[in-house]
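Working notes, beginning with the structure itself.
All of these numbers come straight from a predicted model, not from anything done at the bench. Computation of the quantities below employed the complete heavy-atom set of this structure, encompassing side-chain atoms and omitting hydrogens, waters and symmetry-equivalent molecules.
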Amino acid sequence: MTTLKIAHIREQGQDMIIAPLDSSFDHKTSSQQQAAIAEIQLAAGGAGLKGTVVPVWIASAGKMKFIAPDPWHPFFQGINMKWVQANLNKTLTW
C-alpha cells in the first residue's frame, strides 16, 4: 500500500493536485515518470479529487522541479518545496 500527502488546491481557476515526490524521481525515465503520474492521478480520482496531478521534487542542484501543463509553469516557478509542504492538505492511499 502506498500513501502520499498532497496539496489539493485551486489556483487561477484550475484544480491542482501537487504531489511532492522523492528526489529519485529526477532519475527515472520519462516513461517511468508518466506511469507514476498516471498512478497518482488514478488514486486521486478514486478518492473523489478533481484536478491534474503535478509531481514536484528536489533535483540534485537543490532546485524544485515539476511536470505541469505549460500555462501553469509561471505559478510553479514562483513556489518552492517549503510552500508545497505548508499546503499539504490531503492524503492519498492506494
Side-chain angles (χ1 to χ4, degrees):
M1 207 174 231
T2 302
T3 299
L4 179 65
K5 290 187 176 196
I6 59 159
H8 186 228
I9 65 165
R10 186 162 181 82
E11 181 66 37
Q12 302 169 7
Q14 301 294 319
D15 290 314
M16 301 178 184
I17 300 167
I18 304 172
L21 302 177
D22 187 84
S23 61
S24 64
F25 190 74
D26 198 40
H27 304 290
K28 295 188 181 299
T29 66
S30 179
S31 295
Q32 290 171 319
Q33 289 177 338
Q34 290 303 317
I37 293 167
E39 184 178 356
I40 298 166
Q41 189 74 59
L42 188 62
L49 301 179
K50 293 182 183 178
T52 300
V53 169
V54 176
V56 296
W57 67 96
I58 299 297
S60 56
K63 183 178 178 184
M64 186 182 87
K65 291 180 76 174
F66 58 87
I67 298 174
D70 287 344
W72 296 2
H73 283 205
F75 171 74
F76 282 93
Q77 290 165 345
I79 65 172
N80 58 30
M81 195 60 83
K82 188 174 184 176
W83 183 95
V84 172
Q85 294 294 328
N87 285 277
L88 297 176
N89 58 3
K90 302 261 191 277
T91 301
L92 293 179
T93 303
W94 70 95

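Between the H8 side chain and the N89 main chain, no donor and acceptor come within less than 3.5 Å of each other. When atom types are taken as modelled, the side chain of Q41 and the backbone of T52 share no donor-acceptor pair closer than 3.5 angstrom.
Every residue meeting the ring-ring contact (aromatic ring centres under 6.0 Å, His included) condition with F76, not counting sequence neighbours, appears here in chain and number order: F66.
A pairwise comparison of heavy atoms in P20 and L4 identifies O-CD1, 3.5 Å as the closest pair. Shortest non-hydrogen contact noted between A7 and V84 is CB-O, 4.4 Å. Considering every non-hydrogen atom in both M64 and M81, the closest pair reads SD-N, 3.7 Å.
Side-chain contact between M1 and W94 is absent, with no heavy atoms from C-beta onward closer than 4.5 Å. By the 4.5 Å heavy-atom criterion applied to side chains, E39 and L42 are not counted as neighbours. Within the 4.5 Å cutoff, no side-chain heavy atoms of V53 are placed close to those of I6.
The NZ atom of K63 lies 7.0 Å from the CD atom of Q77; values are rounded to the nearest 0.5 Å. Rounding to the nearest 0.5 angstrom, the gap separating the CD atom in Q85 from the CD1 atom in I18 is 11.0 Å. Put simply, CD1 on I17 and CD1 on I37 are 12.0 Å apart, with the number rounded to the nearest 0.5 Å. Here L92 contributes atom CG and L49 contributes atom CG; the two are 6.0 Å apart, rounded to the nearest 0.5 Å.
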Assess whether side chain to side chain contact (heavy atoms under 4.5 Å, CB included) is satisfied between M16 and W72, documenting all intermediate values. CA-CA 10 Å; M16 301 178 184; W72 296 2; 3.6 Å; yes
F25/I58 under side chain to side chain contact (heavy atoms under 4.5 Å, CB included): CA gap, chis, key distance, verdict: CA-CA 9 Å; F25 190 74; I58 299 297; over 6 Å; no
Would W57 and I67 satisfy side chain to side chain contact (heavy atoms under 4.5 Å, CB included), going step by step from the backbone distance to the final call? CA-CA 10 Å; W57 67 96; I67 298 174; 3.7 Å; yes
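A salt bridge (charged side-chain N to carboxylate O under 4.0 Å, His left out) check over residues 64-77, counting only residues at least two apart or in different chains, returns the pairs D26-K65. The salt bridge (charged side-chain N to carboxylate O under 4.0 Å, His left out) contacts involving residues 3-20 comprise R10-D15, where partners must be two or more places apart or lie in separate chains.
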